[in-house]
Number of protein chains: 2
Amino acid sequence: MVDSCFVKRLLQHIDLTASEIADIAELEREPVTFAPGQKLWEEGHKADYICIVQDGWLMSETLLEGGERQILRFYFSGELIGTASIAYDHATTTVRAVDEAQLCMFPRARLGELFARHPRLSTLFYSLGMLEVIDLNDRLRAMGRTDGKARLAHLFLAIAERLRVLTGPESTKLHVPLTQNDLADAVGLTAIHVNRLLKEMSSEGLIRRHRRELELLDEPALRRIAQFRSRRQNIDLGWFPPAQN
Amino acid sequence: MVDSCFVKRLLQHIDLTASEIADIAELEREPVTFAPGQKLWEEGHKADYICIVQDGWLMSETLLEGGERQILRFYFSGELIGTASIAYDHATTTVRAVDEAQLCMFPRARLGELFARHPRLSTLFYSLGMLEVIDLNDRLRAMGRTDGKARLAHLFLAIAERLRVLTGPESTKLHVPLTQNDLADAVGLTAIHVNRLLKEMSSEGLIRRHRRELELLDEPALRRIAQFRSRRQNIDLGWFPPAQN
DNA sequence: CGCTATCTTGATATGAATCAATAGCTGTGG
DNA sequence: CCACAGCTATTGATTCATATCAAGATAGCG
C-alpha cells in the first residue's frame, strides 16, 4: 500500500490515518523523468506546481549578474520541491536535476485542498517547511562565520544526514554527483580553492572522493571542523490538532 | 476593532473574515515588555512558545565555539517569532530584543487549534513561513557570492523593505538600532572592516548613518551594488481553500 | 579517437582578518 | 557635576584566506 516515498517519509514522523495516506498518495500520480541538468523551472518564470521527488538528486540555484551561481539547496527522494516559492506566482529560484530524477508534479491548489481536508497535515507540512528554515540558518552560520574547509565539511555532513534517511544511519559511502564546481557554488568558494581543500581533506584522512562517490572517513573530525549540529530528531507533534479522518 | 498589528499585517495580504480576525486577535493578549539585549529564549533550551511582535526590534542569533556570532534574522512589528523552531521541542537559535520590544506570547498548541478551525489561515501561515525561506535564500546568495559592501547594501535594503511595511514606502530615514558589531555579525565580516566599508559608503554618498539612524541616500545605487531583488509583492492566494467561517 | 568538461597545479593579487592603539560617547555612582 | 568604566567607533600596519590568472593533465563520451 505504501509505495509512496513521500508517505514513507512522513510516516517516520507521524502515524498517518488511512484517509490521510490515501489523499497524499493521490498527489503521486504519473512520475515524470528529468535528465541530468534539465530544469524544472527557471527563476522568475510563472510557476504553480509542487513536486514530490520519487528518486534522484536535484538542486535549487540562483544566478548573479556576473554569471556567478549560488546553489541554495539539494533535494532528495521523498522531499517536496516548489514550496519555497509558494507565496508568489513565480519561481524565486531555478530548480534542476543533478542526476536523473523522477518527480510527481501537482498544482498548488491540491495542497490547499489537502490542508482543508486534513488540518493535522497542514501542521505537519508547516513543521517540515520550517525545517528548511533551520537548514538555511545552519548554512548561513557556516557561510558567515567559518572558513572554506569547515563549510565543505558542513555541506558533506548535511547531505549525509539527509541521505541517510534513505540509506540507513551507518552508511559512510554516499552517492554525491556534484562536481568541484558545484561544491564551490554551494559553499561560496571557487572551484580551484575547493580542489585544494578537497586534496587537503583527503590527505588528512577526513574524506575520500572518487567520481561521484564521497566517503566520510573521519566523521567525528568532520563534525568538529564544521561545528556541526545534528538536526536528526523527532519532530514535536505535541501541538498538532487530532487527525479528523 | 483591528488594533492587532498582526491582523493588520495579514489584512495587507488577504481579506480575513470576522471569525478569523477574532480568533487571531485572541492570540494577542497581555503584551510583555523585553529590555534591549534581553533574551526571549536561548538556543537549545526547551521552548514551546510563539510570539507576535507588537512593537520593537528583535533578532535571532547563534554562537560558534570560538564565541563568534552569526545574526540570522531581525524581527519587526507584526511578525511571528518562534515558528522556525516549531518542528522541535527546543529553540534552535537564541532570540533577543535589540531595542525595547513588546510581545504577545502563546503556546504552540494555540496555533494548531487555529489551523484546525481555519484551514485558510493554515495556508496563509504556510505562505508567510515560506517567505522566510526566500529571505534566507537571498541572504545566502549575498553571503556566498558578493563582497562585503554588497552584503551591507543588501542588508540595509532588506531591512528597509520590511520596515517600510510599517512606515510607508517612501521613508529613506530608518531607525536601525544596530552597532557596527551587530552589522558585522549579520553579514559575516569583522566590525573593523564594517567600519571601513561604512565610511566608504558614506563618502560615496550611498548612505548616512548616525547613532541609531540610517539614511539611504542613493537607493538605486545600493540596489545595483547589492543586486537586490525586491520581494515586495502580493502573495498568491490562488491556491488557498475558501474561508470556512 | 578526438572533444569537452573536469580536475590539478603554480604564481600572483586582493578582500578581509588580525593586531595594536586611540578616541568618543553614555551611563553611573560618588 | 565630575570622573571613571565600558561599550562603540576609528585608524594604521601587517597577515592570511581565498580569488584570479595561466597552463596542463585526465577522463568520460560521442
Side-chain angles (χ1 to χ4, degrees), chain A residues 35-38 64-71 96-100 142-155 175-204 207-214 225-226, chain B residues 35-38 64 66-71 96-100 142-155 176-204 207-214 225-226:
Chain A
Q38 197 182 347
L64 286 93
E65 279 156 23
E68 307 94 326
R69 178 179 63 149
Q70 177 65 46
I71 295 179
R96 69 167 80 236
V98 180
D99 249 1
E100 183 171 292
M143 296 283 273
R145 287 289 180 237
T146 71
D147 65 11
K149 195 191 284 190
R151 302 216 289 270
L152 274 177
H154 187 274
L155 179 68
H175 174 68
V176 179
L178 301 173
T179 65
Q180 293 182 0
N181 195 47
D182 292 332
L183 293 174
D185 288 342
V187 299
L189 297 171
T190 58
I192 295 171
H193 197 61
V194 164
N195 180 284
R196 298 194 228 263
L197 289 173
L198 289 175
K199 203 176 50 153
E200 203 179 308
M201 291 169 83
S202 289
S203 77
E204 289 166 349
I207 57 166
R208 182 155 30 197
R209 185 171 165 278
H210 185 61
R211 318 225 322 93
R212 309 166 85 96
E213 300 301 314
L214 173 69
I225 290 166
Chain B
Q38 197 182 348
L64 286 93
E68 307 93 325
R69 177 178 64 150
Q70 177 65 45
I71 295 178
R96 69 167 81 234
V98 179
D99 250 1
E100 182 170 293
M143 295 282 273
R145 286 290 179 233
T146 71
D147 66 12
K149 197 192 279 189
R151 302 216 290 269
L152 273 178
H154 186 274
L155 179 67
V176 179
L178 302 174
T179 64
Q180 294 182 358
N181 196 47
D182 293 332
L183 294 173
D185 288 342
V187 298
L189 298 171
T190 57
I192 294 171
H193 197 59
V194 164
N195 180 284
R196 297 194 230 264
L197 289 173
L198 289 175
K199 204 176 50 155
E200 203 178 309
M201 293 169 83
S202 289
S203 78
E204 290 166 350
I207 58 165
R208 182 155 29 195
R209 185 169 165 280
H210 185 60
R211 317 224 325 90
R212 311 168 84 98
E213 300 300 315
L214 172 70
I225 290 167

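Chain letters run A, B, ... following the sequence lines, proteins first and then strands; every chain starts at 1.
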### Query
Does any N or O in the side chain of B/Asp182 come within less than 3.5 Å of the main-chain N or O of B/Thr179, such that one atom is a donor and the other an acceptor?
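Such a contact is found between B/Asp182 side chain and B/Thr179 backbone.
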
What is the distance from [atom1] of [X] to [atom2] of [N], rounded to the nearest Å?
{"X": "A/Glu68", "N": "D/dT18", "atom1": "CD", "atom2": "P", "result": "18 Å"}
{"X": "A/His210", "N": "C/dT8", "atom1": "NE2", "atom2": "P", "result": "11 Å"}
{"X": "A/Leu189", "N": "C/dG15", "atom1": "CG", "atom2": "P", "result": "17 Å"}
{"X": "B/Arg212", "N": "C/dC25", "atom1": "CZ", "atom2": "P", "result": "15 Å"}
{"X": "A/Glu213", "N": "D/dA27", "atom1": "CD", "atom2": "P", "result": "17 Å"}
{"X": "A/His193", "N": "C/dA13", "atom1": "NE2", "atom2": "P", "result": "19 Å"}
{"X": "A/Asp182", "N": "C/dT6", "atom1": "CG", "atom2": "P", "result": "8 Å"}
{"X": "B/Asp185", "N": "C/dA17", "atom1": "CG", "atom2": "C1'", "result": "14 Å"}

Given side chains that start at C-beta, do those of [X] and [Y] come closer than 4.5 Å, heavy atoms only?
{"X": "B/Glu68", "Y": "A/Thr146", "value": "no"}
{"X": "A/Met201", "Y": "A/Ile225", "value": "no"}
{"X": "B/Arg145", "Y": "A/Arg69", "value": "no"}

For residues [X] and [Y], report the shortest heavy-atom separation together with the two atoms involved.
{"X": "B/Leu178", "Y": "B/Arg209", "result": "O-NH2, 3.0 Å"}
{"X": "B/Val187", "Y": "B/Arg151", "result": "O-NE, 2.8 Å"}
{"X": "B/Gly148", "Y": "B/Leu189", "result": "CA-CD1, 3.8 Å"}

### Query
Does A/Thr190 place a side-chain N or O at less than 4.0 Å from the phosphate oxygens OP1/OP2 of D/dA19?
yes

### Task
Pick base, sugar-phosphate or nothing for B/Gly37, based on heavy-atom distances below 4.0 Å to the nucleic acid.
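Answer is nothing: B/Gly37 stays at 4.0 Å or more from every strand.
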
### Message
Using the rule given for side-chain contact (heavy atoms from CB on, under 4.5 Å), can you reason through B/Ile207 versus B/Leu152, listing the C-alpha separation, both sets of side-chain angles and the distance that settles it, and then say yes or no?
### Response
CA-CA 11 Å; B/Ile207 58 165; B/Leu152 273 178; over 6 Å; no

### Query
Among A/Asp185, A/Leu197, A/Val194, which residue meets the side chain to side chain contact (heavy atoms under 4.5 Å, CB included) test with A/Gln180?
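The side chain to side chain contact (heavy atoms under 4.5 Å, CB included) with A/Gln180 is passed solely by A/Val194 among A/Asp185, A/Leu197, A/Val194.
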
### Message
Report for the helix from C/dC1-D/dG30 to C/dG30-D/dC1: angle between first-end and last-end helix axes, five pairs each, rounded to 10 degrees.
### Response
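The value is 40°.
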
### Task
Do nucleotides 6-14 of chain D as a string where each nucleotide becomes B, S or -: B if the base has a protein heavy atom under 4.0 Å, S if just the sugar-phosphate does, - if no protein is that close.
--SSBBBB-

